[in-house]
Amino acid sequence: MEQLLYSAPLAGIIGLVFALYLVSYIMKLDAGTEKMKAIASAIQEGAMAYLNRQYKTVAVIAVILAILIGVTINPETAAGFILGAIMSAAAGYLGMNISVRSNVRCANAAREGMKKALDVAFKGGAVTGISVASLALLGVSGLFIAFGGDVNAVDKVVGFGFGASLISLFARIGGGIFTKAADVGTDLVGKVEAGIPEDDPRNPGVIADNVGDNVGDCAGMAADLFETYAVTALGAMLIGVTVMNEFPNAVIYPLTLGAAAIIASIIGIFFVKLGKSGNIMGAMYNGAIVAGIISLILFYGITQEMMKGDIRLFISALIGLGVTAAMILITEYYTATTNKPVKDIANASVTGPGTNVITGLAVGLQSTALPVIVICAGILSSYLIMGGASNPALGLYGIAIAAAAMLSVTGIIIAIDAYGPITDNAGGIAEMAELPKEVRDITDPLDAVGNTTKAVTKGYAIGSAALGALALYAAYSSEVNKLLEKSPELIGKLPVVMSGSKPELMLNLSDPMVLVGLLIGGMIPFLFTSFLMGAVGRAATTIVTEIRRQFREIKGIMEGTGKPDYGRCVDIVTIAAQKEMIIPGLLAVLSPLVVGFIFGPVALGGLLIGVIISGLLLALMMTTGGAAWDNAKKYIESGNLGGKRLSDGSKNPTHAAAVVGDTVGDPTKDTAGPAINPLIKVMNIVAILFAGLILKYYILKP
């Protein structure tokens, strides 16, 4: 079976080689006119300047944490932490670098038609997708092998997950604040006050807006799913240790599933082609379906070879892919412009912004129900199919395998997501470079689908985070139980039940410590979200003030004879995002430690459950509702309900109301909602990492 273990890093290397092939293909394409190149260069410069500044800020925190881990836990875990942070940052860098170069090539390809433009945009997104999955699998499996490739190596690899989580958290927070502050500020002054189109070069905030698409939706999503992939694999490996009596290869099985899915995702990318029907979303779904089917075939063979042919494990993996498909379809229903929820919000805009906001909130709240039912079905079915009723450890392993299978197709799912900012930027470049209307007629439909794909992949990310977090919570419980075996003096201090001869930590709802943990955990996503929403509001205010100043003081902007100071707007939002991301980031890292050391491991267990439950619901409501608000505006802008302007040329109040709704939804769908994913996982991974220290402190505590 050793050969199958080495298939994981080998698949990671193959994926990176394929990503470099795609980079070579894209970079050989024509970038268009000199004006297009100049605009793209400004976006590239702003995006890289932001990312460099963000990682410098995070590096200071990472160094402090690495020293703390090295001193209090062990140097190997600290080394894994550093490697996880570096590889997560590398995934973001690589993905965003190609994204800001694909955008202008997509705009130029649109001159040749929809088929060529889609090909460029999707392959540009595929670089991010395949790179993320490959780097994550290579990091986890490579470190596991380097530490000995045995049971004792698993605990040391947890540091890798924490490093990935830290970068993901700050990338989501900082990138989300940047992108939505720039977007909201630019839209409010440009669209609502000045009455000029989106991406109009006269708007001083337009470059910052395009930069934000990349640092939030590309680098942020890359870091988010890199972390989710890594920590879910780690969670499955940690739980696998507890079932090795039944399945000796339980620890390495999740890694081989990931290896198979990377190969399947690479094949699936070649099936994304625009058919005669011109269905853009359908073309991308074709690739995802092919990747899913090939993954299942390979999963079956791997299960036969490694896991005694136990069909229950294959079914658990099948359930994970089924949850993925269901989450995608449900999110598309709530966010696509062709469906009732979005049309309801658009129709509510006829009577003003108030009814638009009320209806959008209703859609967002309703959108939590079906995903939760699907996730619950996935949890129960994978648990029971593995015989969890009689053997809870096997049941938890079934859940972990479902989560690992769900994350295994990350490569092609992120490709579908990263396509979105590329097409969004392509439309902006076409507008700013004053390309013919025919080009915008190509980029606009691509961008509209991009809004849906971004929403769909956020739904996937949230669902996978929920299953992954449950696996991590089970890993935390397993870690505590292992420590209880080694420290029998704790049994009198903690609520413990005996499972045979082994002690297990018990969480009882009648225990006030459990309730305290649950309530604090349930509260943290709301407090965390308030920091982020407030940060977007404050940062947007600064850019609104700056854009108004430029319109007022720089002569000839509206006539097209004066040049706006784009760089000033980029700098303002960058500084604001860096300043605002520290407090919510520290909240995520420190809250498990504070609760664990003050209230103990029982309250910490309650905290983790509370943050998973409230975080899942809040993230679903915010991301899906925000995307529905956005597409309701797009639905009106496509000519429905009067379009942007009425027949007499005056502003359409229905459109103005939809812009207000979109302004509310923007920070929920692209800042607060997605950032809850890394919040949940960071808190769980910190709990696992420091469980030993918390229990040692509890032993010494009088």
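By convention here, the first residue in the shown sequence is residue 1. Since we're looking at a predicted model, the values are computed, not measured.
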Heavy-atom check, side chain of [X] versus side chain of [Y], under 4.5 Å:
X	Y	value
Phe81	Leu166	yes
Val570	Glu45	no
Arg101	Arg105	yes
Leu679	Pro525	yes
Ile269	Ile130	yes
Thr57	Met581	yes
Thr410	Phe226	no
Val215	Met96	yes

Using only atom types and a distance under 3.5 Å, with no angle test, would you say the side chain of [X] pairs donor to acceptor with the backbone of [Y]?
X	Y	value
Thr624	Met621	no
Asn52	Met48	yes
Thr623	Ala619	yes
Tyr50	Gly174	yes
Ser24	Leu20	no
Thr335	Thr331	yes
Asn108	Ala31	no
Asp666	Lys180	no
Tyr419	Leu446	yes
Tyr334	Ala627	no

**Report entry** Derivation of the side-chain contact (heavy atoms from CB on, under 4.5 Å) call for Lys35 and Leu435
**Finding:** CA-CA 10 Å; Lys35 189 171 184 180; Leu435 297 183; over 6 Å; no
Please name the pair of heavy atoms, one in [X] and one in [Y], separated by the smallest distance, quoted to 0.1 Å.
X	Y	answer
Ala181	Ala539	CB-CB, 3.4 Å
Ala540	Val184	CB-CG1, 4.1 Å
Glu546	Cys569	CG-SG, 3.9 Å
Ala588	Leu169	CB-CD2, 3.7 Å
Ala415	Ala126	CB-CA, 3.5 Å
Asn103	Ala40	OD1-CB, 4.4 Å

Query raised in the report: Does one side chain, of Asn203 or Tyr566, offer a donor that lies under 3.5 Å from an acceptor on the other?
Result: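 There is no such pair between these side chains.
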Query raised in the report: Who are the salt bridge (Lys or Arg N to Asp or Glu O under 4.0 Å) partners of Asp447, not counting sequence neighbours?
Result: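 Partners of Asp447 under the salt bridge (Lys or Arg N to Asp or Glu O under 4.0 Å) test: none.
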Query - Asp662/Lys669 ion pair, N-O < 4.0 Å - result: no
Query raised in the report: Do Asp571 and Arg568 sit within salt-bridge range, that is, some charged N less than 4.0 Å from a carboxylate O?
Result: no
Nearest 0.5 angstrom please: [X] [atom1] to [Y] [atom2], how far?
X	Y	atom1	atom2	answer
Tyr55	Ser88	OH	OG	6.0 Å
Asn652	Ile636	CG	CD1	7.0 Å
Asp670	Leu532	CG	CG	12.0 Å
Phe526	Thr529	CZ	OG1	7.5 Å
Ile345	Ile358	CD1	CD1	12.5 Å
Leu118	Ile442	CG	CD1	10.5 Å

Can you tell me if [X] has over 12 outside heavy atoms packed within less than 6.0 Å of its [atom1]?
X	atom1	result
Tyr21	OH	no
Leu586	CG	yes
Lys579	NZ	no

**Report entry** Candidate pair Ile173 and Phe531, rule side-chain contact (heavy atoms from CB on, under 4.5 Å), full reasoning
**Finding:** CA-CA 10 Å; Ile173 294 171; Phe531 284 133; over 6 Å; no
Query raised in the report: side-chain contact (heavy atoms from CB on, under 4.5 Å) between Ile61 and Ile582: does it pass, once the steps are laid out?
Result: CA-CA 10 Å; Ile61 299 171; Ile582 301 298; 4.3 Å; yes
Query raised in the report: Where do Ile207 and Met432 land on the side-chain contact (heavy atoms from CB on, under 4.5 Å) test, with the steps shown first?
Result: CA-CA 10 Å; Ile207 295 294; Met432 287 183 275; 4.1 Å; yes
Query raised in the report: Which residue pairs pass the side-chain hydrogen bond (donor to acceptor under 3.5 Å, both in side chains) test when at least one of the two sits in residues 350-361, sequence neighbours left out?
Result: Ser349-Asn356, Thr351-Thr355, Asn356-Trp629
